[in-house]
Amino acid sequence: MVRYILKRMMYMALTLFLIASVTFFLMKMLPGSPLKDTDDLTKAQEEMLLERYGLNDPISVQYAKYIGALVQGDLGTSFHFSNTPVTKIIKDRIGPSMQLGAQALVLGTILGIGLGLIAAVFHNGVWDYTSTTLAVLGISIPSFVFAGLLQWIFAVNLGWFPVALWGGFEYSILPTIALMIFPLATAARFTRTEMIEVLGSDFILTARAKGISEYAIVLKHGLRNALIPLITVIGPMAASLMTGTLVIEQIFAIPGLGEQFVMSVMVNDYPTIMGTTLLLAFLFIVIILVIDLLYGLIDPRIRVDGGKSS
Amino acid sequence: MEKLLEVKDLKVSFNTFNGEVQAVRGVTFDVLKGETLAIVGESGSGKSVATKSIMKLLPFPQAVIKNGEILFENEDLLKKNEKEMRRVRGKDISMIFQDPMTSLNPTMKIGNQIMEGIIEHQGVSKSEAMKKAIELLELVGIPNAKERVHQYPHQFSGGMRQRVVIAIALGCNPKLLIADEPTTALDVTIQAQILELMKTIQKKTDSSCIFITHDLGVVANVADRVAVMYAGKIVEIGLTEEIFYNAKHPYTWGLLGSMPTLDAQEEELTTIPGTPPDLRNPPKGDAFAPRNAYALKIDAEMEPPMFKVSDTHYAATWLLHENAPKVDPPPAVQERMKGFALSGAPEIAKEGEQS
């Protein structure tokens, strides 16, 4: 087990290095320059600035310098945000994004599984149609529509929650709800499909023939066997939720990472682009490792043991 | 002997998009205490549906029990609600399923799967249930039971898994064991072992058993009585000897003739021509008539009632009517029945034990 995790970590480092390299070169191919209003600068000033940020070196030298710094944990300094180190930018911004993402993920998944379970147990009944309709709506209606609707109903009309901005917990409620609709609908849909299949399998009949309660059949025998595909879908979603979503953060004026990321791409703020991308990639890789370990926890047939199945 | 189970005129239908399928069309039989009744029939003859109705394990609401009574110790199971049925399932009546590869939960330790029913029905503590689970595993012949209880189904072979399934079914010493083709998915060697195991256990626990199969060879080894089902009805029922030595229904003749045996003189096996009827619109007369070389005119018009051959032997064919022409089974089948009568039982399931 420990060997397996160590081995996976080595691969993770390799993956991160590859992602860093590819992103670096792709980013350099972006049109435009990090300098704003180049027309107002004299040639000498422009030259001086480029020199200052090391942008005059050949690409290969820049790449080598960047990777060298990266290995030491230095993500560089932002061009755009008054020379703040990228690590500080991320640190300041990731809080709200992570909180929103985690809340939306946990709530959305739990509610989604519940909804999917109800739909599967009452297959083809009223509850099934209700929850399926809700799930389809949740998947097809974009989150900004929900966000606007929530603001209008609960903030503007009822005045229960603040409309926007970031203060205490109450500020996070509406954006969390808006953000969780998609994971909720996805979880509901997958749970329903998987559960209907699992509940039709032979071992459920065996369980039923033992005379145990329907509750135990659905939760103990059914759900656990339906979880594998569900985790496969929810996992990657977790990574993107935690790193912030541009739309929700814009609508609720939340100083999160999503907004920051898009901005940095617009202004060619190379170090910030790199930093944020690497963070996202890192979270992704960690979550994939967690998913793989969870698989083994849920299903004994795919338990890992030094890379080989037992 | 006392009757444990009485099924009276049971009718079960399935509502499908293509219309109502009448899977079981009036089945009557009983099971005595301590006896084994085999129900034989080809796929789709309604044998599984009839027995699943006893435990009400059919996929409701698609399946509808349209008529009948199922008396278990003189209580009508069909009148019981889901909660009352749960107290019967696994406790008084247990079921063994066909495919051991799929009938165990892959994510649960087999010990827990055995203990579940015991804890539910006997209200014992977990450690006591665990002790019982280990005993059961030993009873069904699983070596190292103490370690094996903590393993998952994928760590067992097919035959071992079926032993686990049997252990689950035996958890609460049921009065009636329903085995739905328990050996069909196993290879011949293992089949013989499992049959032997079931016989031993039944003798030990003195329970009754309904044994569903499409393999007549298996029947001869385990059953006291045999019911032959065709198109949702019982066409012949009698003591095992009566069915094997003195069958009266042409369908039973067909089954006996198509059964491979070791001591068969003739090389060729007979086949029954044609296919079973569509049970969405079952025929007016005898459902077997179109495939029956001995069919009479009346077979197309009217369903034959059960004619009495002896106190224990009944068959639903017009050939037994007093006005019917006297017909003998095909010579090959006659030969066979004589052979069975001489050698005691057909030597088929034992084949596996030797190999």
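The model shown is predicted, which means the values in this text are computed figures rather than measured ones. Here is how names work: the chains are called A, B, and so on, in the same order as the sequence lines, proteins then strands, and each is numbered from 1.
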CG of B:Asn105 to NZ of A:Lys220, rounded to nearest 0.5 Å, is 10.0 Å
Beyond-backbone contact of B:Met108 with A:Arg224, side-chain heavy atoms, under 4.5 angstrom: no
Looking only at heavy atoms, which two atoms of B:Pro106 and A:Pro300 are closest? And how far apart? O-CG, 3.3 Å
When only heavy atoms count and the cut-off is under 4.5 Å, which of residues 186-218 of chain A reach chain B? A:Asp202, A:Phe203, A:Leu205, A:Thr206, A:Arg208, A:Ala209, A:Lys210, A:Gly211, A:Ile212, A:Ser213
Considering only heavy atoms and a distance below 4.5 Å, find which of B:Met55, B:Glu120, B:Glu116 pairs most often with chain A. B:Glu116
Residue part contacting chain A, namely of B:Leu57, when any heavy atom lies under 4.5 Å: both
Based on non-hydrogen pairs under 4.5 Å, which of A:Asp299, A:Ile298, A:Asn225 is most in contact with chain B? A:Asn225
Scan side-chain atoms only and decide if B:Gln113 and A:His221 contain a donor-acceptor pair under the 3.5 Å cut-off. no
What residue, out of B:Ile96, B:Leu104, B:Val88, has the most heavy-atom pairs lying under 4.5 Å from chain A? B:Leu104
Looking at B:Ser103, B:Ala169, B:Ser94, B:Gly90, which has the largest count of heavy-atom pairs under 4.5 Å with chain A? B:Ser103
How many angstroms lie between CG in A:Leu297 and OG1 in B:Thr107, if you round to the nearest 0.5 Å? 11.5 Å
Partners passing salt bridge (charged side-chain N to carboxylate O under 4.0 Å, His left out) against A:Arg8 (at least two apart in sequence or in another chain): A:Asp292
Using non-hydrogen atoms and a 4.5 Å limit, figure out which bit of B:Lys56 sits close to chain A: side chain, backbone, both or neither. neither
So with a 6.0 Å cut-off around OH of A:Tyr295, is the heavy-atom count from everything else above 12? yes
